[in-house]
Amino acid sequence: MHSNANTVCHRLLHPSKNYDVSEGEIRNSNEECFPMNIDYKSVEYLKYPIPSLGMHCDSNMMRAQAKRLINGTLILFATYFFLSLVFDKNKDTEEYDARQRGLSRGLSDYINDKDDDANLVVDLYIQKNKPRPTSDGGDAEEDEVKDMPDLEVPNWNIVHSAEDSKIEIDDKVFKEQLNKSEVDSEWLKARKDLLAKGEPKKVFILAYMRGGSTLLGQVFNHDPEVIVWYEPLASFYGSLYGLPKYRHYRRIVFPGDGNFKSEFREIGKWESDNMVHYLRNLFKCNLPGLPRETLTDVFLTFTGNMQDYSMCYYNESRTNHPDFVWETKCKESSGMAAICSGEKFDQAIEYSIEQKCQRFLIGVTKIFRRNQDIRPDELSKELYDDSGLTGSPEKIDAFYKHEQCMQKLYKTAQQCLDSTRAEASCTKTSVRAAKVLRLKMRYIEPVIRAMPDIFVVHYFRDPRAIARSRVEISNPEMPPKLWANATKRMCLEMEKDISAAIQLKKKYPGAFLNLKYEDVVVKTKESLGGMYKHFGRSLNQETYEWVADMMHANEDDGAFGVKRKNASSLIDSWRHSFPQNLIDDVNQFSACNLVLTYLGYEF
């Protein structure tokens, strides 16, 4: 562990921290340094952070921080009292009433109406969030309300009402109420009851691109009692927002243009509820209830237990509609992809929302259900009558062609579901796993609450190795500085996920398990055996031997394969690619320092 004299920079692993990123430089803009002697071999402070103070320190420092905290709290309450007096004068206005009703309705799933603390948070949120002007002169919040679609999403049923979706709740307020750290006793009881029934295990693998998760997926594929879904949220976001191609994770988890940001994109209640419903159907093997995109997506070919279906679908598609085999082709050839993701297909989700793609997708599908023979000009009129949607003839025609294309693909999918008995193949499994790159830990809590018996595997790889792998694929002649910046960004991303996981583990004990790619490679039986034991099962010998063979294969099978001649020797190969002073700079970066220490990686 690197240290400089007796001074080390520390900060709490917390997603609310802000960072500045400019001109390739990443620096923490909210960092405190203080002298402290630490034995890094037995470091415990990461396991027991002080949530209120944001740091770990001796008794004198704790008293000083506590004093500042108390003073800050008094100022907060004084400010709240003053603002309450101001807002009391306006409680009879329509704007105040509408906001208060909407917020109360939106938070009702997570907040007890009798909780005074919750009411305080709602009041402070109302005072803080006045309408923000938009480019067209309207109010941003009002625009959001109008742009939220009805909650009838193609191909699966929605269990909540359209009324609940009309208000987008501020993510910080949403999470403050959702992420209380005390154990949720009701959830814990529900978990014990469900696990006692012996139903198939649900496993949610949260991993990172180029983090070795394909290997873990193949481990599950070689267990006949397991079905693993590869990147199911890719097709989910394709169905929800019309995103084409492989929906790069950055364009989903980060806001704006989809490039790295200091904060993740906020997920509203509508999107979160649909995701929960989607994953529930996935884990139940309710294949007809999945979006058409999932059953016509190329990622399905990676799911071992769906190979018969995948071959049927591919062969029948090549015969029936050879120009449109996979669902992304429907989006690109129809022109819809350019509308929802830009001419180069490089825009993030927020661009799609601005184009109202989610509303058009829902509206067009509803109309086609009523009338398969509708013409584009009739579609335009009915979209306006049903949803108040208007668009250019080119836009209407693009969604029209996309729907026609998807219906052809889905017809083939339905035929293959029946002929291969795919649903029965799924339901016979005792473990059902989903390998996910396109969701961050801070947004996983609604999934855990909806399925209390779920197991969340947080799958790590050394961020320095991930960064090298990512950069080498896109730029084999990468300058060392590019790797350093990519590593720092990766550390910031991991740090936020770890921070969220620390809080969630306190509230939902037994649901989380950390697993490292390096342990799977070097300590295969111990690491995979421990994971299987966590699920209440045993690692079979055939699966173990397959992993051992892959890690000592005769030849590598490429950057996207899992065969390696000597995988253990490659784990730290990144160290030989960069100058030591640059490695030291990365290791000293505050987020990397914390992540590497927490995960036990050598400096």
Side-chain angles (χ1 to χ4, degrees), residues 152-158 221 227-247 274-275 277-334 336-337 340 358 361-362 364-370 372-373 399-429 432-435 438:
E152 185 177 349
V153 176
N155 308 316
W156 67 90
N157 297 320
I158 302 302
N221 265 339
I227 183 170
V228 58
W229 301 90
Y230 275 71
E231 315 299 342
L233 293 189
S235 60
F236 168 77
Y237 279 108
S239 68
L240 212 62
Y241 295 112
L243 302 185
K245 296 286 187 183
Y246 298 112
R247 296 107 187 183
N274 279 289
M275 185 186 300
H277 199 77
Y278 170 74
L279 291 171
R280 197 196 299 270
N281 277 332
L282 204 67
F283 286 123
K284 285 183 176 180
C285 293
N286 180 18
L287 305 189
L290 296 174
R292 296 174 298 186
E293 280 80 355
T294 296
L295 297 173
T296 57
D297 184 62
V298 69
F299 272 128
L300 204 57
T301 61
F302 290 92
T303 297
N305 270 311
M306 294 289 288
Q307 287 301 305
D308 289 345
Y309 166 83
S310 296
M311 289 302 299
C312 173
Y313 174 77
Y314 179 76
N315 291 330
E316 291 298 318
S317 295
R318 297 287 292 176
T319 300
N320 299 334
H321 37 84
D323 294 333
F324 306 95
V325 176
W326 308 113
E327 50 89 19
T328 55
K329 187 67 174 179
C330 290
K331 291 170 173 53
E332 295 166 19
S333 62
S334 66
M336 193 193 76
C340 297
Q358 75 275 38
L361 284 165
I362 294 167
V364 170
T365 302
K366 287 170 61 178
I367 293 169
F368 264 81
R369 285 176 182 169
R370 297 197 302 257
Q372 294 285 332
D373 300 320
F399 281 92
Y400 180 87
K401 290 178 178 177
H402 172 261
E403 181 61 26
Q404 286 185 320
C405 181
M406 286 302 300
Q407 289 198 5
K408 291 178 183 178
L409 268 59
Y410 191 55
K411 183 178 179 180
T412 301
Q414 288 176 309
Q415 293 170 351
C416 287
L417 284 177
D418 293 338
S419 64
T420 63
R421 296 178 55 82
E423 198 164 9
S425 178
C426 181
T427 55
K428 73 179 183 181
T429 57
R432 297 161 191 174
K435 182 181 81 73
R438 292 162 174 82

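Scope of the values below: all heavy atoms of this structure, side chains included, with no hydrogens, waters or symmetry mates.
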(Q) Distance check, rounded to the nearest 0.5 Å: His277 atom NE2 versus Asn281 atom CG? (A) 5.0 Å

Q: Compare every heavy atom of Thr427 with every heavy atom of Lys284, then report the nearest pair and how far apart it is.
A: O-CG2, 4.4 Å

Q: Calculate, to the nearest 0.5 Å, the distance between atoms CE and CG belonging to Met306 and Leu295 respectively.
A: 6.5 Å

Q. Taking atom types as modelled, is there a side-chain donor on Tyr278 or Thr294 under 3.5 Å from an acceptor on the other?
A. yes

Q) Who are the ring-ring contact (aromatic ring centres under 6.0 Å, His included) partners of Phe368, not counting sequence neighbours? A) Tyr400

Q.
How close do Leu409 and Phe324 get, counting heavy atoms only, and between which atoms?
A. CD1-O, 3.3 Å

Q | Backbone of Asn315 reached by a side-chain donor or acceptor of Thr319 within 3.5 Å | A | yes

Q) Looking at CZ of Phe299 and CD of Glu327, how far apart are the two atoms once the value is rounded to the nearest 0.5 Å? A) 10.5 Å

Q) Are Glu403 and Arg292 within salt-bridge range, i.e. N to O under 4.0 Å? A) yes

Q | Contact check, side chains of Leu300 and Tyr230, non-hydrogen atoms, under 4.5 Å | A | no

Q.
A side-chain contact here means heavy atoms from C-beta on lying under 4.5 Å apart; do Asp308 and Arg421 qualify?
A. no

Q.
Show the nearest heavy-atom pair for residues Tyr410 and Thr296, with the distance to one decimal.
A. N-CG2, 4.5 Å

Q. Looking at SG of Cys285 and CZ of Arg432, how far apart are the two atoms once the value is rounded to the nearest 0.5 Å?
A. 3.5 Å

Q: Locate the shortest heavy-atom distance separating Leu243 from Lys331; write the atom from each residue and the value.
A: O-CD, 3.6 Å

Q. Any side-chain heavy-atom pair from Cys312 and Ser419 closer than 4.5 angstrom?
A. yes

Q | Option passing side-chain contact (heavy atoms from CB on, under 4.5 Å) with Ile227 (candidates Leu282, Asn221, Asn305) | A | Asn305

Q.
Please find the pair of heavy atoms, one from Gly242 and one from Cys340, that lie closest to each other, and give the distance.
A. O-CB, 3.8 Å

Q: Start with the C-alpha gap between Asn320 and Lys408, add the side-chain angles, then the distance that decides, and say whether side chain to side chain contact (heavy atoms under 4.5 Å, CB included) holds.
A: CA-CA 9 Å; Asn320 299 334; Lys408 291 178 183 178; over 6 Å; no

Q | Thr301 to Gln307 - nearest heavy-atom pair and separation | A | O-NE2, 2.5 Å

**Q.** Pair Leu361-Met336, side chain to side chain contact (heavy atoms under 4.5 Å, CB included): steps then yes or no
**A.** CA-CA 10 Å; Leu361 284 165; Met336 193 193 76; 3.7 Å; yes

Q: Please state whether the rings of Tyr309 and Tyr313 are parallel, tilted or perpendicular, taking 30° and 60° as the class boundaries.
A: parallel

Q | Gap between atom OG of Ser425 and atom CG of Leu417 - 0.5 Å precision | A | 11.5 Å

Q) Do the non-hydrogen side-chain atoms of Asn286 and Glu423 ever get within less than 4.5 Å of each other? A) yes

(Q) Would you compute the distance between atom CD of Gln372 and atom CZ of Arg369 and round it to the nearest 0.5 angstrom? (A) 10.5 Å

